[in-house]
Q: 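Here's a structure for you.
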Amino acid sequence: MPPKLIIVIPCYNEEEVLPITSKMFLDKINKLSSENKISDESKIMFVNDGSKDKTWEIIENLAKSDKHFIGISQSRNRGHQNAVLAGLMEAKNNCDITISIDCDGQDDINAMDKMVDAYKEGYEVVYGVRSKRDTDTLFKRFTAESFYKLLSKMGAEVVFNHADYRMISNRVLNEFAKFKEVNIFLRGMLPLVGFKSTTVEYERNERIAGESHYPLSKMLALAFDGITSLSTKPIKIIINFGLIVAAISFIGIIWAIVEALSGSTSTGWASTVCIICFIGGIQLVSIGIIGQYIGKIYMEVKHRPRYIISDKTYDELNDI
Ligand code: UDP
Ligand code: MG
């Protein structure tokens with residue numbers, strides 16, 4: 001029996017692009033199942049992430065037009081990561097493999113063939129890796145690549161140039177479901193689950209229509225979120241920095257005492273102000289970073305739901 005695949009596709013205000021890419025996904029499913037690589041029961045699951053445009057209507061109509069299309073809708077916009085998680089958790093135990101992919105046609109869907117092949121070779125997780133970023137602007141490329149480097153320097157294990165285009169087996173999904181945190185950063189969490197994994201390279205295209213929902217500010221927020229969710233290295237850096245500053249201060253104090261005893265002290269206003277500003281600044285930044293962690297602990301202890309599904313195009317996934 002070929003494996004049953006569910007493609008999980010987060011969609012936020014994508015009315016322009018969905019009519020185009022949904023056909024591409026359907027063609028892919030039909031081709032893979034005609035080659036007997038996947039079961040004909042495979043599905044394309046759109047996850048509407050609280051869109052304000054006609055995205056959900058389009059998804060509902062798609063679900064009526066072909067049995068391969070299904071959709072779920074989050075009760076409000078919760079962000080890309082939560083939308084993918086909602087889809088994956090819904091697909092869990094209703095398929096053999098899932099592939100998550102953006103709905104804008106940027107990720108080459110032909111890499112799915114290789115992902116399915118890798119599953120047959122025994123790989124449980126297959127990361128789609130962007131081979132080139134020629135179509136991205138220089139700025140996007142620089143910021144995106146710095147993002148991966150910063151993440152790994154800060155102790156968050158991520159696959160370089162891998163976004164959220166990946167295949168996950170049902171077995172891994174079941175283990176992943178045990179990670180209960182509410183601050184989710186999928187590409188950093190999946191490597192923690194382990195299992196046999198590999199990468200598949202693909203070329204990243206331009207968006208077919210519509211515009212990106214990831215401006216620099218959101219990307220910085222995602223990087224910061226990723227680091228503080230996956231690693232406590234920033235706290236260690238603060239401690240080391242604190243130790244260095246303390247050592248310098250200690251030398252400074254000895255120097256000040258020696259100077260004072262020799263009777264050659266000046267008024268010293270400028271140096272005092274500089275030191276106060278310097279230490280004050282470091283302290284504020286340090287408290288801020290530690291505060292971020294406390295904020296995360298606060299959100300985690302609340303145990304709020306990570307996603308809330310308000311609508312579905314089906315009643316029971318294992319019945320269709
Ligand atoms: N997305 C989402 N919720 C959001 C923002 C984005 O579900 O709040 C989806 C979006 O529809 C797309 C994917 O996440 O399928 C990636 O977003 P986008 O293409 O805007 O980001 P980029 O590729 O420019 O980084
Ligand atoms: Mg995109």
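All ligand and atom numbering here is 1-based and tracks the order in the structure.
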Q: Would Arg204 and Asp108 pass as an ion pair if we require N to O under 4.0 Å?
A: no
Q: Tell me the protein heavy atom at minimum distance from atom 8 (O) of ligand 1, and give that distance in Å.
A: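 Nearest neighbour among protein heavy atoms for atom 8 (O) of ligand 1, to 0.1 Å: Asn77 ND2, 3.2 Å.
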Q: Report the part of Asp104 (side chain from C-beta onward, or backbone N, CA, C, O) that has a heavy atom under 4.0 Å from ligand 1; answer both or neither where that applies.
A: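 Within the 4.0 Å criterion, Asp104 contacts ligand 1 through side-chain atoms alone.
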Q: Taking only protein atoms, how many N, O or S atoms are found under 2.8 Å from the Mg ion (ligand 2)?
A: 2
Q: What I want to find out is whether Asp40 reaches Lys67 closely enough, with some N-O distance under 4.0 Å, to be called a salt bridge.
A: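 Result for this pair is yes, salt bridge flagged.
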Q: At a non-hydrogen distance cut-off of under 4.0 Å, which region of Arg78 contacts ligand 1 (side chain, backbone, both, or neither)?
A: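 It is neither part, as no heavy atom is under 4.0 Å.
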Q: May I ask you to say whether Asp49 pairs ionically with Arg76, meaning some side-chain N is under 4.0 Å from a carboxylate O?
A: no
Q: With a 4.5 Å cut-off on side-chain heavy-atom distances among I, L, V, M, F, W and Y, is there a chain of contacts connecting Ile308 to Phe46?
A: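 No, Ile308 and Phe46 fall in different hydrophobic clusters.
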Q: Do me a favour and list the nearest non-hydrogen protein atom to atom 20 (O) of ligand 1 with residue, atom name and distance?
A: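 Here the nearest protein heavy atom works out to His213 N, 2.5 Å.
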Q: Between Glu90 and Lys312, does any side-chain N to carboxylate O distance fall below 4.0 Å?
A: yes
Q: Which part of Asn13 is near ligand 1, with near meaning a heavy atom under 4.0 Å away: side chain, backbone, both or neither?
A: neither
Q: Using heavy atoms and a threshold below 4.0 Å, how should the contact between Arg204 and ligand 1 be classified: side chain, backbone, both, or neither?
A: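 The answer is the side chain of Arg204.
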Q: With hydrophobic residues grouped by side-chain heavy-atom distances under 4.5 Å, do Phe179 and Phe195 end up in a single group?
A: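 Same cluster.
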Q: Which part of Pro10 is near ligand 1, with near meaning a heavy atom under 4.0 Å away: side chain, backbone, both or neither?
A: both
Q: Among the clusters formed by ILVMFWY side chains lying less than 4.5 Å apart, do Phe142 and Leu150 turn up in the same one?
A: no
Q: Under 4.0 Å between a Lys/Arg side-chain N and an Asp/Glu carboxylate O for Arg171 and Glu175?
A: no
Q: Among all protein non-hydrogen atoms, which one is nearest to atom 24 (O) of ligand 1, and what is the separation to 0.1 Å?
A: Ser212 OG, 2.5 Å
Q: If two hydrophobic side chains count as joined below 4.5 Å and joins carry through other members, does Ile44 share a cluster with Tyr12?
A: no
Q: Any idea which atoms of ligand 1 are less than 4.0 Å away from a heavy-atom of Cys11?
A: 7 (O), 11 (O)
Q: Name the closest protein heavy atom to atom 16 (C) of ligand 1, giving the residue it belongs to and the distance to 0.1 Å.
A: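 Answer, as residue, atom name and distance: Asp102 OD2, 3.3 Å.
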Q: Of all the non-hydrogen atoms in the protein, which one sits nearest to atom 3 (N) of ligand 1, and at what distance?
A: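 Scanning the protein heavy atoms, the shortest distance from atom 3 (N) of ligand 1 goes to Asp49 OD2, 2.6 Å.
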Q: Given a cutoff of under 4.5 Å between side-chain heavy atoms of I, L, V, M, F, W and Y, with clusters grown through shared members, what are the other residues clustered with Ile244?
A: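 Reading the cluster by chain and number, Ile244 sits alongside Ile248.
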Q: Closest non-hydrogen protein atom to atom 1 (N) of ligand 1, residue and atom name please, with distance?
A: Tyr12 CB, 3.7 Å
Q: Can you find an N/O atom of Cys103 closer than 3.5 Å to an N/O atom of ligand 1?
A: yes
Q: If we count only N and O atoms by modelled type, under 3.5 Å, do the side chains of Lys52 and Asn77 hold a donor and an acceptor together?
A: no
Q: Roughly how far apart are Gln81 CD and Ser100 OG, rounded to 0.5 Å?
A: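 Spacing of CD (Gln81) from OG (Ser100) equals 9.5 Å.
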Q: Is there a donor-acceptor pair under 3.5 Å between the side chain of Ser51 and the backbone N or O of Asp53?
A: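 Such a contact is absent between Ser51 side chain and Asp53 backbone.
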Q: Please report which non-hydrogen protein atom sits nearest to atom 17 (O) of ligand 1, along with the residue it belongs to and the distance in Å to one decimal place.
A: Tyr214 CD1, 3.9 Å
Q: So does Asp104 get a backbone contact from the side chain of Thr21, meaning a donor-acceptor N/O pair under 3.5 Å?
A: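 Flag not set: sc Thr21 to bb Asp104 has no pair under 3.5 Å.
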Q: Could you check atom 12 (C) of ligand 1 against the protein and tell me its nearest heavy-atom contact, residue, atom and distance included?
A: Glu14 OE2, 3.6 Å
Q: Once you restrict to heavy atoms under 4.0 Å, what part of His80 touches ligand 1? Side chain, backbone, both or neither.
A: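 Both the backbone and the side chain of His80 come within reach of ligand 1.
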